Undergrad: 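Here it is, the structure, as structure tokens.
These numbers were taken from a predicted model, which means no experiment stands behind them. By convention in this document, chain letters (A, B, ...) are assigned in the order of the sequence lines, proteins followed by strands, and residues within each chain are numbered from 1.
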Protein chains: 2
Amino acid sequence: MNAQEKARYEVRATIIKAMGHPTRLFMVEELSKGERCVCELTDMVGADISTVSKHLSVLKNAGIVQDDKRGSQVFYSLLVPCVLNFFSCVESVLESRAKEQAQRTK
Amino acid sequence: MNAQEKARYEVRATIIKAMGHPTRLFMVEELSKGERCVCELTDMVGADISTVSKHLSVLKNAGIVQDDKRGSQVFYSLLVPCVLNFFSCVESVLESRAKEQAQRTK
DNA sequence: TCCTCTATTGGCCAATATGCCAAATGGCCA
DNA sequence: TGGCCATTTGGCATATTGGCCAATAGAGGA
């Protein structure tokens, strides 16, 4: 891997890494149902609002969500819905693991 | 999010996180072409073999790849090919970003 | 058996990531 | 303007990751 290739993989890894956190995963799933303001997500997540805000900025910097300031509230929405495909693939991985487990128990 | 839900998202995040590193992303792409031994991947990546081995164990623990010891070598192969879909989605995100950039430059 | 080759594991340090609190920012209304 | 509300940003402590070297383990040949 030369420097150029490495940079290529780094950019891509950053986007995937943005999805690789439980809270952010939850928020993306929630945003798939429609836009939500920071306060709504904060209530659902149950963490400090500053923590939620930072998670959202990670997703925003990755280019996965966008924000829309309306009045004193900020609404976030999903920009690239294909990230939802991650969920089904993750389920496949879990199924595959379960089968492996079953095999070993036999 | 209660404790059970949180655990659910944590398991899933771990799988995605395993994909969220440039070296591991590269290796998964390489493994999509067929099995590779640790030494081959080490040559391609250009890092210490212990580093590569640890990255592979992250992917293995996530359930994304499997290993097969044959003689003195260990061959890794992709267990759940749907992770390759991540790549196309990442490209979508990058395209979406590029459009956004173009908009702003207008 | 001894040596070599491949790979994994342990140890250590530097760099990142997380999460909270506190402070700052921006909007809105009295 | 003053104050409140929603959000972001800064700062800090702690936890996790990533990478190298050294040590260890296992296979196979001399």
Undergrad: With a cut-off of less than 4.0 Å, is there a side-chain N or O of B:Tyr76 near OP1 or OP2 of C:dT6?
TA: no

Undergrad: Looking at every heavy atom in both B:Thr42 and B:Ala47, which two are closest together, and how far apart are they?
TA: CG2-O, 3.4 Å

Undergrad: Output the rounded distance in Å from CZ (B:Phe26) to P (D:dG18).
TA: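 So the two atoms are 17 Å apart, to the nearest Å.
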
Undergrad: To the side chain of A:Ser50, which of D:dC20, D:dT8, D:dG26 is closest?
TA: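 Between D:dC20, D:dT8, D:dG26, the one nearest the side chain of A:Ser50 would be D:dT8.
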
Undergrad: For A:Lys17 and A:Gly46, find the nucleotide of DNA chain C closest to each by heavy atoms; which residue's nucleotide sits nearer the 5' end?
TA: A:Lys17

Undergrad: Tell me the closest heavy-atom pair linking B:Cys39 and B:Gln73, and the distance in Å.
TA: SG-NE2, 3.4 Å

Undergrad: Base, sugar-phosphate alone, or nothing: which one does A:Arg24 contact when heavy atoms must sit under 4.0 Å apart?
TA: sugar-phosphate

Undergrad: Any base atoms under 4.0 Å from B:Lys60, or only sugar-phosphate, or nothing? Heavy atoms, all strands.
TA: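 Touches nothing.
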
Undergrad: Select base, sugar-phosphate, or nothing to describe what A:Lys54 touches, counting heavy atoms under 4.0 Å on all strands.
TA: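 The answer is base, as A:Lys54 lies within the cut-off (heavy atoms under 4.0 Å) of a base atom.
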
Undergrad: What heavy-atom pair brings B:Lys60 and B:Asp67 nearest, and what distance separates the two atoms?
TA: NZ-OD2, 3.1 Å

Undergrad: Would one find a side-chain N or O of B:His55 under 4.0 angstrom from OP1 or OP2 of D:dG19?
TA: yes

Undergrad: Between C:dA7, D:dT8, D:dG18, which nucleotide gets closest to the side-chain atoms of B:His21?
TA: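 Selected nucleotide (nearest to the side chain): D:dG18.
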
Undergrad: For the side chain of B:Ser53, starting at C-beta, report the closest nucleotide among C:dT9, C:dC20, D:dG19.
TA: C:dT9

Undergrad: Nearest to the side chain of B:Ser72 - D:dT9, C:dG26, C:dT6?
TA: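 Nearest to the side-chain atoms of B:Ser72, counting from C-beta on, is C:dT6.
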
Undergrad: Indicate, with a heavy-atom threshold strictly under 4.0 Å, whether B:Phe75 touches base, sugar-phosphate, or nothing.
TA: nothing

Undergrad: Do A:Met27 and A:Phe87 sit in one hydrophobic cluster, given that two such residues count as connected whenever their side-chain heavy atoms are within less than 4.5 Å of each other, even indirectly?
TA: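 Yes, A:Met27 connects to A:Phe87 through the hydrophobic network.
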
